[in-house]
Amino acid sequence: MRDAASTGLVDALCRASRRDAGLVPEALDWPESVAGAWCFSPERISIHGTAAYEALDEDGRKRLSLLEAVSFFSINVHGERLLIEGLARRLQRPETQAYTRYLHHFLAEENRHLECFGEFCRRYAGGVYPEKKVALAPIDPASHDDFVFFARVLLFEEIVDGYNRAMARDERLHPLLRRINALHHQDERRHLAFGRQLAHEIWREHAPGWSAEERRRLQDDLRLFLESTWHEYYNPDVYRDAGLADVFRVRAEGWGTHRARRRAASEEATRFLVRAGILESEEAA
Ligand SMILES: [Fe+2]
Ligand SMILES: [Fe+2]
């Protein structure tokens, strides 16, 4: 973030963060129950369109939508926890001096998001679902590590934001769910603007010194990360809690049914990285 333009971006983002707190616990009213309401857009439920979904009655589908919301928020809790760890490690380092001010806002905002998502899962279900993330290989040296960290964050947040934007507008959803999605999007817009700029700058600065083999490895890492992120959206614990039998078969059916939808969402998430020359094609998981 050494460019004059991006220093301006850091100032603008810090001002916006001070002015527009989005998803904070104080902004939410927690009703006694959300039972009987849609908590997740039906078409975005991971097994929508499968035989198992079709066999459920309206109440069963709404119950499933609550569990899918809990799973989505759990993905956010685990993802943002790792994000907070990574941001904390990067605070006040000489290399991050130009944008450390914004990292403090970023970290503080993710901490509040985690609080809200965790609270929802605790109030309306048995708590946060366990982490399903596949451990990916550590990356070094430092310039690779920073690039991979911020590029993974960008992909993770782009996918989440696609869901947030759609569900914030979905009038079938319980008002609490619409509000959580809308407020999260309000903060994530800034994180995405920052992440796009930073991933691009690190790439521009370091990639010319990386061999073709190194660049290919980093690109493979991002594709693998994208695929492993999508796997988290198909959670057998959800299907079990919804009372479905043979949950791994159900999961496989959902995964197969939603290939085109996933591809479209991945392309949206990778579009920036392709335009920046970081990925060669909008390949999806
Ligand atoms: Fe967040
Ligand atoms: Fe974020």
Side-chain angles (χ1 to χ4, degrees), residues 1 6 9-10 12-28 39-40 44 68-91 96 99-122 128-129 131 133 146-168 176-200 202 222 225-226 229-230 232-233 265 268-273:
M1 287 263 170
S6 48
L9 177 68
V10 170
L13 292 172
C14 289
R15 271 199 308 277
S17 278
R18 276 193 293 272
R19 195 181 55 223
D20 295 328
L23 185 57
V24 292
E26 306 85 87
L28 301 171
C39 294
F40 212 73
R44 288 189 174 253
E68 285 276 311
V70 171
S71 179
F72 178 54
F73 294 157
S74 300
I75 292 169
N76 275 279
V77 163
H78 299 305
E80 294 185 343
R81 203 168 39 74
L82 292 172
L83 173 50
I84 287 170
E85 280 174 26
L87 290 174
R89 272 205 305 279
R90 286 170 175 81
L91 288 175
T96 61
Y99 55 86
T100 278
R101 281 176 301 136
Y102 185 65
L103 291 187
H104 284 280
H105 287 289
F106 199 151
L107 194 152
E109 286 165 8
E110 295 300 6
N111 187 37
R112 306 309 300 279
H113 299 169
L114 209 149
E115 208 180 334
C116 295
F117 293 137
E119 181 69 13
F120 183 94
C121 298
R122 192 188 63 73
V128 171
Y129 279 122
E131 191 174 6
K133 203 175 273 302
D146 276 354
F147 172 73
V148 169
F149 173 75
F150 285 109
R152 283 183 187 172
V153 166
L154 184 60
L155 286 176
F156 179 84
E157 296 198 320
E158 294 273 14
I159 292 177
V160 167
D161 197 54
Y163 280 76
N164 284 156
R165 278 183 281 124
M167 293 206 280
L176 173 65
L177 276 297
R178 286 213 306 276
R179 186 154 171 80
I180 292 176
N181 280 289
L183 292 173
H184 195 225
H185 168 63
Q186 191 176 313
D187 290 338
E188 293 299 319
R189 270 193 321 197
R190 296 191 293 274
H191 300 178
L192 288 167
F194 176 77
R196 288 182 195 129
Q197 179 70 32
L198 191 56
H200 197 187
I202 299 175
L222 295 184
F225 175 79
L226 190 60
T229 300
W230 275 123
E232 294 179 69
Y233 281 74
E268 211 178 314
T270 58
R271 190 166 299 144
F272 168 79
L273 295 174

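Values in this document were obtained by computation on a predicted structure and should not be read as measured data. All ligand and atom numbering here is 1-based and tracks the order in the structure. Along the sequence shown, the residues carry numbers beginning at 1.
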With sequence neighbours excluded, tell me which residues meet side chain to side chain contact (heavy atoms under 4.5 Å, CB included) with N111.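 By the side chain to side chain contact (heavy atoms under 4.5 Å, CB included) rule, N111 matches I84.
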
Between E115 and R112, is there a salt bridge with N-O shorter than 4.0 Å?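 A salt bridge links R112 with E115.
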
Does [X] reach the side chain of [Y], with side-chain heavy atoms less than 4.5 Å apart?
X	Y	result
L87	F150	yes
L192	E158	yes
L13	H105	no

For the Fe ion (ligand 2), every protein N/O/S atom that sits closer than 2.8 Å, waters excluded: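 Less than 2.8 Å away from the Fe ion (ligand 2) sit E110 OE2, E157 OE2, E188 OE1, E188 OE2, H191 ND1.
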
Flag for N76-H113: side-chain donor and acceptor within less than 3.5 Å: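 Side-chain D/A pair, H113 to N76: absent.
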
